[in-house]
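Accompanying notes for the structure given below.
Each chain gets a letter, A, B and so on, in the order its sequence line appears, and its residues count up from 1.
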Amino acid sequence: MSAELYQQAIKALAQAAHGAGRLPAASASAKLDNPLCGDRITLDVAVEDGKIIAIGHDTRGCLLCRAAASWLGQAAPGATRAQMAVAHAELLALLKQDALDTSAVRESLLPFSPVREHKSRHGCVLLPFQALEQALTDPQAG
Amino acid sequence: MSAELYQQAIKALAQAAHGAGRLPAASASAKLDNPLCGDRITLDVAVEDGKIIAIGHDTRGCLLCRAAASWLGQAAPGATRAQMAVAHAELLALLKQDALDTSAVRESLLPFSPVREHKSRHGCVLLPFQALEQALTDPQAG
Amino acid sequence: MSFDLQATRAEFPLLALAKPPLHYLDNAATSQIHQSALQAMADHDMFRRANIMRGTYRLAEAATTAYEEARARVARFLNAFTPNEVVFTSGATSALNLVAHSFGESLRSGDEVIVSLAEHHSNLVPWQLLRQRTGIILKFLPVTADGRIDATALAGLATSRCRLIAVTHCSNVTGAVTDIAAIVAAARSVGARVLVDGAQQVQHGPVDVQALGIDFYAFSGHKCYGPTGIGVLWARHALLDAMPPFLAGGGMVGEVTPEGSTFARPPQRFEAGTPPIAQAVGLGAALSWLTTLPWGDIRRHEQRLLQALLAGLARKPGVRILGPTDLEARHPVVSFDIAGLHPHDVCQVLDRHGVALRGGHHCAQPLMQHFGLDGANRASIALYNSLADIEALLDGLDDVIEVLR
Amino acid sequence: MSFDLQATRAEFPLLALAKPPLHYLDNAATSQIHQSALQAMADHDMFRRANIMRGTYRLAEAATTAYEEARARVARFLNAFTPNEVVFTSGATSALNLVAHSFGESLRSGDEVIVSLAEHHSNLVPWQLLRQRTGIILKFLPVTADGRIDATALAGLATSRCRLIAVTHCSNVTGAVTDIAAIVAAARSVGARVLVDGAQQVQHGPVDVQALGIDFYAFSGHKCYGPTGIGVLWARHALLDAMPPFLAGGGMVGEVTPEGSTFARPPQRFEAGTPPIAQAVGLGAALSWLTTLPWGDIRRHEQRLLQALLAGLARKPGVRILGPTDLEARHPVVSFDIAGLHPHDVCQVLDRHGVALRGGHHCAQPLMQHFGLDGANRASIALYNSLADIEALLDGLDDVIEVLR
Ligand SMILES: Cc1ncc(COP(=O)(O)O)c(C=O)c1O
Ligand SMILES: Cc1ncc(COP(=O)(O)O)c(C=O)c1O
């Protein structure tokens with residue numbers, strides 16, 4: 001079970017660290033931490049005409065958290081807010097739905113599915129998505 | 001067991017209420033309550049040449065507490081401090097010694113011996129004795 | 001499902017094991033514990049014991065899940081909006097102190113808090129201490145001759161400076177149930193919050209905090225067939241979220257540096273340190289059991305016993321019942337005085353008959369003063385009591401009078 | 001009597017029942033519960049459950065006696081002057097908050113409290129909140145490079161305005177045992193009081209508060225083989241007697257009127273409301289059991305495991321041990337970092353090997369900052385651990401490095 005948790009796809013995502021580093025020209029930022037485990041992310045986003053054009057993040061967290069941030073760094077640029085909200089919903093479904101149903105979840109998120117079984121780690125994966133959502137809806141000064 | 005607790009001698013003592021009522025010419029007073037059960041006593045004592053010449057008390061308490069106050073009302077006048085300290089020690093021995101040994105306890109206190117078995121009531125019987133001790137050693141303004 | 005008294009009694013180990021049989025009528029002080037709570041605690045300690053929240057190994061996850069499931073069970077019992085409104089405390093008293101400190105910190109000198117004259121000391125003395133700390137004005141809602149909280153008096157009492165009205169849901173002396181709707185209406189008209197002390201209510205069935213329309217609710221596990229060492233503060237989440245922390249320590253912080261700390265959101269903000277984990281799990285089990293019971297039947301059963309008790313007491317010479325003598329808006333808690341007999345002596349003699357009754361001021365001295373007494377005898381009935389318990393008490397009282405007079 | 005590891009393990013239901021076997025090395029977070037505590041609590045709830053202090057019936061007397069006997073057992077475990085110095089709380093955190101509020105109330109703006117940089121948040125954040133309330137000056141006792149509290153620094157730190165020095169007895173991160181004698185000497189020279197947080201000490205044997213010469217001692221039941229939901233504050237009686245109440249409610253008052261209240265003497269003054277009765281009884285049983293153990297043998301056993309752990313870790317690539325790496329003045333708590341691997345990932349993979357380890361900041365963020373880390377892995381050993389547990393951890397770490405790199 002845990003072996004799958006740290007499957008190659010996740011390790012590669014974390015390693016790649018897409019979007020790592022702060023964004024100098026951010027239109028919005030959010031800083032979020034998980035007080036229960038100490039993971040912390042500062043996420044910047046640049047939005048133009050309702051579209052995310054760039055994303056940057058400074059992530060201090062576990063492999064799962066870094067993989068999730070990296071996923072965003074790859075997927076968010078070019079996407080609309082609505083599209084990212086849907087991605088967040090897919091991830092939530094993947095982790096929290098009573099029964100695992102991957103039919104509605106995009107393939108690139110599936111490597112996160114073993115996290116389902118580890119409730120204490122859900123927060124790690126969700127934190128970057130929550131930070132993006134907060135930056136888009138309730139931005140703080142970067 | 002409880003039947004003995006309320007034997008005739010105790011009921012008679014409480015009924016008699018020796019020394020009931022405040023003492024106008026008190027040389028010392030003490031007010032004590034048992035916060036655990038709400039019993040309250042205000043005890044006045046008049047001392048001359050190291051001898052208790054009179055005692056008065058206002059006792060709001062259970063039958064056992066009133067019997068003990070009444071016992072003091074009867075026994076204290078004419079006694080010295082030391083004599084009353086000994087009586088207090090006898091009562092403590094009667095209630096708290098590991099094994100019941102009445103050989104060192106004056107007969108008039110023996111009706112209190114069934115209280116031994118009822119820890120929650122020890123305070124009721126001891127309260128008047130503690131008030132007398134306090135009045136004699138650490139008197140408050142009456 | 002209908003209520004099976006004998007089967008239910010058998011689910012309470014102490015009642016089932018007591019020899020000679022015990023007529024336990026001190027349920028307002030503490031109820032006996034239901035086997036589901038005992039079992040849940042033992043199971044937790046034997047199979048899932050670990051500290052919660054921060055562990056990633058399976059045992060710690062299982063412990064965290066059990067603790068949060070207990071929170072969800074409390075939320076269901078209270079019909080809370082969300083489990084995040086449920087703060088575990090060590091008891092009703094600590095829940096009430098939490099509000100007096102955390103909510104109390106927002107009050108200023110001259111602000112008013114109203115409590116009733118029928119409050120348990122646990123919902124009175126914390127406000128007196130707050131008065132000392134901050135200079136609030138503490139006002140007292142009077143009670144009627146039979147000890148009911150007189151909500152109509154709020155009209156003249158609550159001003160625009162009133163910030164909180166804190167009343168008991170059910171009196172631990174008289175069993176009278178407070179007219180919460182009237183309190184809430186008066187509070188809303190001046191913009192005050194409403195705190196309800198549910199310590200004596202929860203053993204008589206699930207509560208609906210949303211329907212009550214209140215802001216804070218507090219109770220203890222040990223009075224509703226659950227363990228000692230656990231209690232609950234429920235509050236609207238927005239209120240909790242605006243409140244500063246009270247106790248501080250592990251588990252309730254965000255970032256900590258020597259210079260200062262940030263705090264977690266509720267409920268964690270108010271659960272400093274390792275919480276009573278096994279006890280929360282035990283309470284969750286007791287409340288889940290309570291939630292499934294046929295409360296219509298149980299209320300009828302409790303009322304039948306209450307009626308027998310009130311009628312029997314009324315026939316005894318020198319007995320004065322404190323509080324309402326009818327069956328309206330009340331629970332089966334009955335305090336009474338026997339002319340000339342001190343409650344401790346009365347209860348002592350009743351013990352010989354296997355009847356467990358409490359005598360004293362019941363931590364409600366202002367209400368006792370209202371009745372002109374230092375203390376009283378109190379019989380308090382739980383769902384597992386039977387007519388035999390009532391009869392043993394009434395028979396015992398005849399002996400009491402004989403022995404003590 | 002000599003120490004029989006297998007027999008002792010069998011007295012811990014969770015260890016005995018776990019399938020597959022559990023290598024439980026998170027004892028600094030919570031220890032497993034000894035069967036004597038479980039049994040004592042179940043017995044209490046099944047045979048002696050009643051509220052304490054005010055009941056005159058036999059069941060209530062038995063409950064009160066059991067509760068006070070538990071207090072006496074704690075007093076013996078701590079070598080207190082009298083049981084009246086023992087206050088039951090809901091845990092170490094609430095004990096520490098009690099001092100910060102009640103003793104803290106006597107402090108004035110400009111008075112100093114000194115804590116160390118190695119404190120658990122529970123002995124830090126309450127003082128930060130006191131600083132907010134009253135304007136005390138909070139000073140920090142530095143730690144040496146390997147994380148030991150540097151008592152020598154007190155010479156330059158403690159002034160005549162210093163009122164309290166509050167330090168941990170044993171670090172929950174490094175296992176380092178504080179030189180309490182040096183702290184006490186420095187405190188006495190400026191007239192300050194000494195509070196010792198014993199949360200990580202008590203699982204390693206009885207404590208002698210008289211020999212330590214301190215003023216306050218705090219610990220939790222769940223870390224010394226007892227139940228959750230219970231803790232202890234010990235303090236010199238004269239100090240307690242001079243302190244105002246903290247939590248208010250039933251059981252801690254004398255006379256209560258609407259105008260104001262008087263308070264009972266310690267320990268009752270600090271035990272508002274119904275205390276964790278069954279949990280106190282459970283703690284008493286656990287401490288009585290601890291008191292009888294052959295501590296010389298157990299210390300040798302713990303040191304043997306510690307030595308094996310330290311040596312094994314030192315051989316792993318990229319592993320950095322935080323805190324002392326020798327066996328002097330320390331308990332078997334070892335935190336370590338593995339270069340490039342996050343503790344949560346490490347502990348997650350170890351769980352597959354049946355090894356329960358904790359990763360994170362361990363509620364000691366300032367100490368983590370000192371080490372330049374956000375978090376670390378921590379292995380903490382209790383008397384029931386075996387060499388097999390240490391080997392499982394060391395083997396597991398090889399897999400960790402393989403899986404995560
Ligand atoms: C009405 C009421 N409020 C509060 C309390 C305090 O509950 P606890 O002692 O469990 O904290 C009680 C219990 O005696 C009570 O009856
Ligand atoms: C050194 C130290 N102090 C205090 C505490 C707080 O103990 P509790 O969470 O049981 O209140 C802990 C436990 O984590 C600790 O390790």
- Go through the atoms of Pro275(D) and report whether side chain, backbone, both or neither lie under 4.5 Å from a heavy atom of chain C. backbone

- Against chain D, label Leu357(C) side chain, backbone, both or neither, depending on which of its atoms sit under 4.5 Å from a heavy atom there. backbone

- Interchain contact, Thr257(D) with chain C, by part (heavy-atom threshold 4.5 Å): both

- Task: Return the option, out of Met252(C), His222(C), Gln369(C), with the maximum number of heavy-atom pairs under 4.5 Å with chain D.
- Result: His222(C)

- Message: Please identify, among Ala100(D), Cys347(D), Pro258(D), the residue contributing the most non-hydrogen atom pairs under 4.5 Å to chain C.
- Response: Pro258(D)

- Note on the structure: Okay, Phe263(C) and chain D: the region with an atom under 4.5 Å from a heavy atom over there is side chain

- Against chain D, label Phe47(C) side chain, backbone, both or neither, depending on which of its atoms sit under 4.5 Å from a heavy atom there. both

- Note on the structure: Note: Thr228(D) and Gln279(C) closest approach over all heavy atoms is OG1-OE1, 2.8 Å

- Please state whether the side chain, the backbone, both or neither of Arg133(D) comes within less than 4.5 Å of a heavy atom of chain C. neither

- Message: With a 3.5 Å distance limit and no angle check, can you tell me whether Gln365(D) reaches the backbone of Glu255(C) through a side-chain donor-acceptor pair?
- Response: no

- Item | Choice from Pro276(D), Gly249(D), Ala248(D), Gly229(D) maximising heavy atom contacts with chain C below 4.5 Å | Ala248(D)

- In terms of heavy-atom pairs under 4.5 Å, which option from Ile277(D), Asn97(D), Val125(D), Thr93(D) contacts chain C the most? Asn97(D)

- Winner by heavy-atom pair count (cut-off under 4.5 Å) against chain C, out of Pro227(D), Ser122(D), Gly273(D): Ser122(D)

- Any idea which of Val256(D), Leu15(D), Thr30(D), Leu350(D) has the most non-hydrogen atom pairs under 4.5 angstrom with chain C? Val256(D)

- Message: Give me the atom names and distance for the closest heavy-atom approach of Cys363(C) to Gly250(D).
- Response: SG-CA, 3.8 Å

- Query: Relative to chain D, which segment of Pro126(C) carries a heavy atom at a distance below 4.5 Å: side chain, backbone, both, or neither?
  - Reply: both

- Message: So for Leu129(C), is it side chain, backbone, both, or neither that comes closer than 4.5 Å to the heavy atoms of chain D?
- Response: side chain

- Task: Measure distances from Leu367(C) to the heavy atoms of chain D and classify the residue's part below 4.5 Å as side chain, backbone, both or neither.
- Result: neither

- Query: Which region of Phe12(C), side chain (C-beta onward) or backbone (N, CA, C, O), has a non-hydrogen atom less than 4.5 Å from a non-hydrogen atom of chain D, or is it both or neither?
  - Reply: neither

- Would you call Leu247(C) and Ser94(D) a side-chain contact if the rule is heavy atoms closer than 4.5 Å? yes

- Item | Contacting region of Ala16(C) [heavy-atom separation from chain D under 4.5 Å] | neither

- Query: Given a strict heavy-atom distance threshold of 4.5 Å, which part of Ile33(D) is in contact with chain C: side chain, backbone, both, or neither?
  - Reply: both

- Engaged part of Leu117(C) at the chain D interface, taking heavy atoms whose separation is under 4.5 Å: side chain

- Query: Heavy-atom distance under 4.5 Å to chain D: side chain of Ser261(C), backbone, both or neither?
  - Reply: both

- Closest non-hydrogen atom pair between Arg131(C) and Gly260(D), with its separation: NH2-N, 4.1 Å

- Query: What part of His101(C) is in contact with chain D, defined as an atom under 4.5 angstrom from a non-hydrogen atom: side chain, backbone, both or neither?
  - Reply: side chain

- Message: Heavy-atom cut-off 4.5 Å, strictly under: side chain, backbone, both or neither for Leu17(C) against chain D?
- Response: side chain

- Item | Part of Leu130(D) lying under 4.5 Å from any heavy atom of chain C | neither

- Might you work through the ring-ring contact (aromatic ring centres under 6.0 Å, His included) test for Tyr57(C) and His23(D), ending with a clear yes or no? CA-CA 11 Å; Tyr57(C) 52 89; His23(D) 303 291; over 10 Å; no

- Return the minimal non-hydrogen interatomic distance between Leu59(C) and Gln32(D), and the atom names on each side. CD2-NE2, 4.1 Å

- Query: Where is the tightest heavy-atom contact between Gln128(C) and Glu259(D), given as atom of each residue plus distance?
  - Reply: NE2-C, 4.1 Å

- Task: Measure across His121(C) and Val253(D) and return the closest heavy-atom pair with its distance rounded to 0.1 Å.
- Result: ND1-CG2, 3.6 Å

- Of Ala18(C), Gly91(C), Ala37(C), Gly55(C), the largest count of non-hydrogen pairs under 4.5 angstrom with chain D goes to Gly55(C)

- Residue Leu22(D) versus chain C: region with a heavy atom under 4.5 Å: side chain

- Item | Backbone N/O of Ala29(C) and side chain of Asn51(D): donor-acceptor pair under 3.5 Å | yes

- Task: Measure His120(C) against the heavy atoms of chain D and call it side chain, backbone, both or neither at under 4.5 Å.
- Result: side chain

- Side-chain donor or acceptor of Arg49(D) paired with backbone N/O of Ser31(C) under 3.5 Å: yes

